[in-house]
Visitor: 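Take a look at this one; I'll ask things after.
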Amino acid sequence: KVPAGTLSLTDDGRHLLVTGFDGYGGERDFLRLRGHGYQALIDLSTGAPDALSAEAIARTQQVIALNYSRDISHALFGSHDPQSGNWRFEVRNLATGQPIGPHWPTPRGTQLLAPGAAALAVGLFSADTSGFYVERLELRDPRDFSLRWQYRHAAGEGIRAWEFSPDGRTLAIGHYSGQVSLLDVASGTARDLNPPFSAVVYALHFSADGQWLAGASGDGEIRLFDVASGRLLFAPLHPGTAPGELSLDRDSASLMTTVN
């Protein structure tokens with residue numbers, strides 16, 4: 001049993017991903033960012049959690065983070081030993097169960113792992129707002145935690161939502177101002193999708209093939225972008241209430257949203 005925040009099917013349709021609002025160690029996820037807190041992966045054929053989720057549940061007082069990549073190939077695993085005070089953070093290959101590199105001390109902020117463990121995005125909180133929003137991002141190598149580049153919007157806008165594309169080459173970012181930006185993972189260069197939303201961007205989700213990006217804002221507007229061109233695929237939708245999470249089905253025939 002875990003305090004479920006959101007539920008989603010993996011792209012292969014074989015697993016259920018449970019994202020909780022409270023970390024295994026009791027840390028509250030104020031931002032409800034997909035990369036923060038913990039997740040559990042459930043095999044739909046057996047109804048049982050995978051080995052890493054089972055380990056995290058068994059070590060509930062020690063594990064403080066568990067986050068799966070979208071392609072379910074790797075997972076970010078963070079733990080804390082209350083007796084020694086030591087922190088341990090590592091990325092594990094789910095096929096072998098082994099870390100892909102040495103462990104490192106837990107970084108501050110919130111983390112999101114790219115598919116194939118191609119990159120690790122670390123969101124750093126603003127120091128003057130009690131950590132309620134991410135003000136800048138660091139992109140790091142998950143094998144040794146070395147820094148590749150840093151990102152902060154030119155206007156200093158806070159970050160509310162983020163999502164890696166299925167191929168791990170693009171990082172979509174939604175700002176409190178309503179701006180959506182696409183970052184090239186290799187170079188860190190960014191381009192904005194215009195026009196921006198008129199309210200904070202609450203959720204972003206790539207289609208399974210990475211060609212489309214869905215976005216939702218706090219005033220209840222939903223947009224669907226073509227990633228390559230940045231154009232809107234159709235007029236914005238207004239379901240009349242603020243969306244919570246977005247999801248495109250595997251063949252991108254349907255767009256689903258939860259409601260806060």
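Count residues from 1 along the sequence.
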Visitor: Side-chain contact test, heavy atoms from C-beta onward, threshold under 4.5 Å: evaluate it for V201 versus R160 and give yes or no.
Guide: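 No, every pair of side-chain atoms sits at 4.5 Å or beyond.
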Visitor: Using side-chain heavy atoms (C-beta onward) and a distance below 4.5 Å, is Y68 in contact with L52?
Guide: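 Sidechains of L52 and Y68: in contact.
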Visitor: Are the side chains of V227 and L193 in touch, meaning some heavy atoms are under 4.5 Å apart?
Guide: no
Visitor: Mark yes or no: R223 above the aromatic ring of F197, with NZ or CZ under 6.0 Å from the six-membered ring centre and no more than 45 degrees from the axis.
Guide: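 Pair R223/F197 counts as cation-pi.
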Visitor: For residues L120 and P142, report the shortest heavy-atom separation together with the two atoms involved.
Guide: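 It is N-CD, 4.0 Å.
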Visitor: Please examine the side chains of V180 and I173, heavy atoms only from C-beta on, and report whether any two atoms are closer than 4.5 Å.
Guide: no
Visitor: Heavy-atom distance under 4.5 Å between the side chains of L44 and H15, does that happen here?
Guide: no
Visitor: Does V122 reach the side chain of L124, with side-chain heavy atoms less than 4.5 Å apart?
Guide: yes
Visitor: Tell me, yes or no, whether the heavy-atom count around R14 atom CZ, taken from other residues, nucleotides or ligands under 6.0 Å, exceeds 12.
Guide: no
Visitor: Could you tell me if the side chain of R143 sits less than 4.5 Å from the side chain of V91, heavy atoms only?
Guide: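 They are not in side-chain contact.
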Visitor: Carefully, step by step, assess R92 and Q98 under the rule side-chain hydrogen bond (donor to acceptor under 3.5 Å, both in side chains).
Guide: CA-CA 5 Å; R92 295 192 190 180; Q98 299 300 311; over 6 Å; no
Visitor: Below 4.5 Å, heavy atoms only, C-beta onward: do W162 and L112 meet side chain to side chain?
Guide: yes
